[in-house]
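These notes concern the structure reproduced below.
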2 protein chains.
Amino acid sequence: MPTMDAAHAFALDVTKVKDAAGLADLLREACALMGCAWFALSHHVDFLAAPDRGVRVHNYPEDWARWFDERGLGLTDPVHRASHRSLEGFFWRNMKPLSGERPEDELVLSEAQRHGIGDGLTIPAHIPGEAHGSVSFAWTPGIAANDRALLFARMIGGPAFEAARLLANPGLARVGPRLTDRQRECLILAAKGNPIWRIGRILDLSPDTVREHLRNARLRYDAKGGTVLAVRALYDGDISFEEVAKR
Amino acid sequence: MPTMDAAHAFALDVTKVKDAAGLADLLREACALMGCAWFALSHHVDFLAAPDRGVRVHNYPEDWARWFDERGLGLTDPVHRASHRSLEGFFWRNMKPLSGERPEDELVLSEAQRHGIGDGLTIPAHIPGEAHGSVSFAWTPGIAANDRALLFARMIGGPAFEAARLLANPGLARVGPRLTDRQRECLILAAKGNPIWRIGRILDLSPDTVREHLRNARLRYDAKGGTVLAVRALYDGDISFEEVAKR
DNA sequence: GCTGGCACCCCCCTATCGTGCTATGGTGGA
DNA sequence: TCCACCATAGCACGATAGGGGGGTGCCAGC
């Protein structure tokens, strides 16, 4: 039975996990409490065909995970899409209005069904300017996710994701190409709307140097222009809205 | 006593609230269950000296609210800052490592204390590319926020904020200057890195028209350049990361 | 009937950006 | 020692954006 005490214990334990396996064990236990078959905690990192940033811990069938990955569903997946539009956690059966409809969705859901994944629920996890993700629990076809499980998932989802975040990047829990300090400084000023010459004056650099830093930053993100660079750096957490907010 | 059943009831009731007063009543009840004195649900909308976007519901002393507003603490407030760096909810007494230190913080906290606001906890609420906010509960000085309250707040924070979001904008739950459709289309394509001439080709418009739409969009956001426009439109929810993600 | 907002189109001009190439000095690891 | 990476700086060119004009037609609200 999922209880507040169990959630409390989970929140305590999860701060102590050392690796993904430990996190998986805890999620498996939580899963058992809720009577569900599957769990999946994942960063949504397909944004730039990301290499290995972020963490994914799940007990889905390997077949399904492969099918999912081969199609690069990290962002297109209806559950992930819905989780980008919500914050409170939702049942999959209720997510259509959140994610809108896409022709491929039907295929994804039926394929999941084929792999023994029926109804489920998802707790979104967002931090402004950092990697996004979600924690999901799913049941075998025929069993409906219930309210109590959703409440329980709400209690443990945040801590679980926070733990994953720390595992992904023990240092500052940031994901992404990680610009150099100078590149970040230049980018932040540029994203605030400063022309290059003023960035140079502010940082006491030659305009050409600033241009060079921005150029290298663009290279890292494979971004054609300054706008794309800013957007991607924001999404990936190299810069945050707070830093870019004009003050 | 905050229980899962109470949280469940809250989550049901909160979907039915019609106005801010109704939401306040529910939060007051939740507050009573947790034994706390204060609640505050708020969008963090000081970003652009925002006029009236977003919702704020609280029972803080008027004096304190005024003091807070006069200083424009919407973004600078240490609790809000910390909530921009976390997702799982936190006790105020533990938030220093999250928010970093600023000299003014001491003043804010002691001023809060002076108004009868002691320890508390905050549940952050973020949606990529939408308004940020948080739900906080606070106790009178001397009483410490407890774990059970945190768990309870985790269960009700999301639904409460979601309700506030819908109140703020019954239509699509979006906050911000709301660009016209054409402006949005142009901006999205521009933020993907397309040069104006290509945007024109895609939308079957003259480049000058595209330029015109972008110009008007910039005017609305009072944004100097395209980068600033994209960042602000992202922050305010006129466009979302998903739309801007290269595909 | 007027005003305002929106979408649409056209012109010009200049500041800025994006990019290609080069080069130096420092640092840290293999 | 050498290589890789970073920060710094410079130069030159073409592409682009941003800002300033000028218009048209449509529709809603007063």
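Naming convention: chains lettered A, B, ... in sequence-line order (proteins, then strands); numbering from 1 in each chain.
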Exercise. OP1 or OP2 of C:dG5 less than 4.0 angstrom from a side-chain nitrogen or oxygen of B:T180, does that happen here?
Worked result: no

Exercise. Roughly how far apart are A:L27 CG and A:I156 CD1, rounded to 0.5 Å?
Worked result: 6.5 Å

Exercise. How would you label the contact of A:T209 with the nucleic acid (heavy atoms, under 4.0 Å): base, sugar-phosphate, or nothing?
Worked result: base

For this session: Starting from the 5' end of DNA chain C, give me the residue, A:R215 or B:N216, whose nearest nucleotide shows up first.
Result: B:N216

Exercise. Rounded to the nearest 0.5 Å, what separation is found between the CG atom of B:L41 and the NE2 atom of B:H58?
Worked result: 11.0 Å

Problem set entry | Residues forming a salt bridge (charged side-chain N to carboxylate O under 4.0 Å, His left out) with B:R215, sequence neighbours excluded | B:E212

For this session: Answer yes or no: is there a donor N or O on one side and an acceptor on the other, between the side chain of A:H126 and the main chain of A:S83, under 3.5 Å?
Result: yes

For this session: Please tell me if the side chains of B:R220 and B:T180 come closer than 4.5 Å, counting only heavy atoms from C-beta onward.
Result: yes

Exercise. Could you state the CD-C1' distance from A:E212 to D:dA12, rounded to the nearest angstrom?
Worked result: 15 Å

Exercise. Under 4.0 Å between a side-chain N or O of B:R182 and OP1 or OP2 of C:dC8?
Worked result: yes

Exercise. Only one of B:P124, B:S136, B:S42 clears side chain to side chain contact (heavy atoms under 4.5 Å, CB included) with B:H80; which?
Worked result: B:S42

Exercise. Under 4.0 angstrom, heavy atoms only, what part of the nucleic acid is A:H213 near: base, sugar-phosphate, or nothing?
Worked result: base

Exercise. Any side-chain heavy-atom pair from A:R28 and A:F39 closer than 4.5 angstrom?
Worked result: yes

Problem set entry | Backbone of A:L107 reached by a side-chain donor or acceptor of A:S110 within 3.5 Å | yes

Exercise. What bend angle does the helix from C:dG1-D:dC30 to C:dA30-D:dT1 show across its length, from five-pair end axes and to the nearest 10 degrees?
Worked result: 50°

Problem set entry | Of residues 198-205 of chain A, the positions that come close to DNA chain C - non-hydrogen atoms, cut-off under 4.0 Å | none

Close N/O contacts between protein and nucleotides 28-30 of chain C (under 3.5 Å):
none

Quiz: residues 197-210 of chain A side-chain donor-acceptor pairs under 3.5 angstrom, not counting sequence neighbours:
unit_1 : atom_1 : unit_2 : atom_2 : d
A:R198 : NH1    : A:N194 : OD1    : 3.0
A:S206 : OG     : A:D208 : N      : 3.0
A:D208 : OD1    : A:R211 : NH1    : 3.2

For this session: Compare all side-chain heavy atoms of A:V228 with those of A:Y221 and state whether any distance is below 4.5 angstrom.
Result: no

Protein-nucleotides 15-18 of chain D N/O pairs closer than 3.5 Å?
unit_1 : atom_1 : unit_2 : atom_2 : d
D:dT16 : OP1    : B:W197 : NE1    : 3.3
D:dA17 : OP1    : B:I196 : N      : 3.3
D:dA17 : OP2    : B:I196 : N      : 3.2
D:dG18 : OP1    : B:G226 : N      : 2.7
D:dG18 : OP2    : B:R218 : NH1    : 3.3
D:dG18 : N7     : B:R211 : NE     : 3.2

For this session: Please state how far atom CG in A:L179 lies from atom C1' in D:dC5, giving the value in whole angstrom units.
Result: 14 Å

Problem set entry | Min side-chain heavy-atom separation A:L234-A:V231 under 4.5 Å | no

For this session: Take atom CG of A:D208 and atom C1' of D:dG10, then tell me their distance rounded to the nearest Å.
Result: 6 Å

For this session: Anything under 30° is parallel, anything over 60° is perpendicular, the rest tilted; go ahead and classify A:W64 against A:W67.
Result: parallel

Exercise. What is the distance from atom CG of B:D13 to atom CG of B:L23, rounded to the nearest 0.5 Å?
Worked result: 11.5 Å

